[in-house]
Structures are given as C-alpha cells and as structure tokens.
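As the structure lists them, so they are numbered: ligands from 1, and atoms in each ligand from 1. The first residue in the sequence is number 1, and the count goes up from there. The structure presented is a predicted model; accordingly, all values stated were derived computationally and were not measured.
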Amino acid sequence: MTPNREDYLKLILELGGDEQQINNKQIVAGLDVSPASVSEMLSKLVKEDLVIHTPYQGVQLTEKGLRFASALIRKHRLWEVFLVEKLHYSFNDVHEEAEVLEHVTSDTLANRLDAFLEYPEYCPHGGKIPQFHEDLHEARRKTLVDYPVGTKVRIARVIDEKDLLDYLVALNLSIHEEYEIAEMAPYEGPVTLKKDDKTILLGYKAASTIFVETV
Ligand SMILES: [Zn+2]
C-alpha cells in the first residue's frame, strides 16, 4: 500500500513533528518508502500549508497540519483499542484495519466509540489518544538510540507501522517490558537489548522508532 498524505502527517506527528523538525531519513524509515517519494510528498504538504519545510533540517507540522493529524490519530487509536479489547486482535494486526476505519469515521462516531471504550488514554502501541478537538502532544519522545549503553529502559511506545510491528512481534519484544541497552554498534549499527537471559538485536532504524522511558 502506498502511503498517502494522511499517513505522512500522522507519522510526522508520531515522530514529534508538533514540536521539532523531523528529517527525511526518519520518514523514509517509518513509512518504508524511497527518499524521492518523501521529497515529492513533502512539497505537496508544504503547498497545502500542512507542514513547514526547512532544507537540510526537516519538516514540522503547521497548526493546520497538527489539528488535521491529531483528529485522524484520535480515530485511528480508538479503533485500535476497540479491535484489541473487544475483538481480540493482536497488536500487530490492528493497524491496517484502523487505517481504513479512521477515514470513514465521523466525529460523532468517534466520540461514541470513545465513551463505549470508557475513554482510553493510550492505544495498544503506547500512543496517547487525544481528546476531541485536542492537539496531540506525545509525552514520550526519546527513542532507544537517544540513550547511552548501560541505560535501563521500559518500552513505552512504538510507531504504528505494520512491518515494524511484525518485526517486534517476531523478536518477541513488547510494550511495557524493561531492558538494559547492552550494546550499540558504531555507525548506526545494531542495538543490543538485554533482560535476564533474553538478548534482542535490533536494527538501528527500528531502534530509532521505539520510544522508551528510563527506569
Ligand atoms: Zn496505535
């Protein structure tokens, strides 16, 4: 599936584009697309006044872009909670369903779903669910690659991207688990996580989309 403009806006917000500049490399990794398609889409988003682009630095959401992305993420994450809690989907299988549902969900439906689910705070991937008309500002902004070797961390949030979620499930890594960052290879090499006798070797790209809290 080729990512559309909504997917870009949501990813930019998930990566922290409400407050800081997100570089093209992070978008390439998060959406698994070519650098050329990222540049092309970003210039469209600039024209629509949804992002501000600073050459060689990155993009940041405008107020309009933030409002738009927040509303979509709210619908997306509410559906994810519904699918996991009520229909017993696994956390790597909800993304695509939610992706479709978010676009056909009116504000009224989203608000009723929110009430039905008893106002959940987080989605199954640890992302914050904004209130109706509230702009999303994630509290968890640091990823595995932002901490030095030896730091003890709890996995707090992962980016909603199907391949990434499948990869995490294959590695047997889940939200809320605690690990020590045991090794980091130089030049953006793999990151090694350790917990008791469990060792996980993560690619740098994936590690840079996994948000953690120190413990
Ligand atoms: Zn999610």
message = By the definition salt bridge (Lys or Arg N to Asp or Glu O under 4.0 Å), identify the one residue from Glu138, Glu121, Glu99 that meets it with Arg77.
response = Glu138
request  = Please find out if the Zn ion (ligand 1) and some N, O or S atom of Cys123 are separated by less than 2.8 Å.
outcome  = yes
task = May I ask you to check whether His95 brings an N, O or S atom to under 2.8 Å from the Zn ion (ligand 1)?
result = no
request  = Using a strict 4.0 Å threshold on nitrogen-to-oxygen distance, state whether Arg154 and Glu177 make a salt bridge.
outcome  =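 Result for this pair is no, no salt bridge flagged.
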query = If you draw the axis of the six-membered ring of Tyr122, does the NZ or CZ of Arg140 fall within 45° of it and under 6.0 Å from the ring centre?
reply = yes
inquiry  = Please determine whether ring pair (Phe, Tyr, Trp, His ring centres under 6.0 Å) holds for the pair His95 and His76, giving the CA-CA distance in whole Å, both sets of side-chain angles, and the decisive distance to 0.1 Å.
reply    = CA-CA 8 Å; His95 183 72; His76 184 97; 4.9 Å; yes
key: Heteroatom of Glu80 nearest to the Zn ion (ligand 1) (N, O or S, atom name)   =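 Output for this pair reads OE1.
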query = Rounded to 10°, how big is the angle at the Zn ion (ligand 1) from His125 ND1 to Asp160 OD2?
reply = 100°
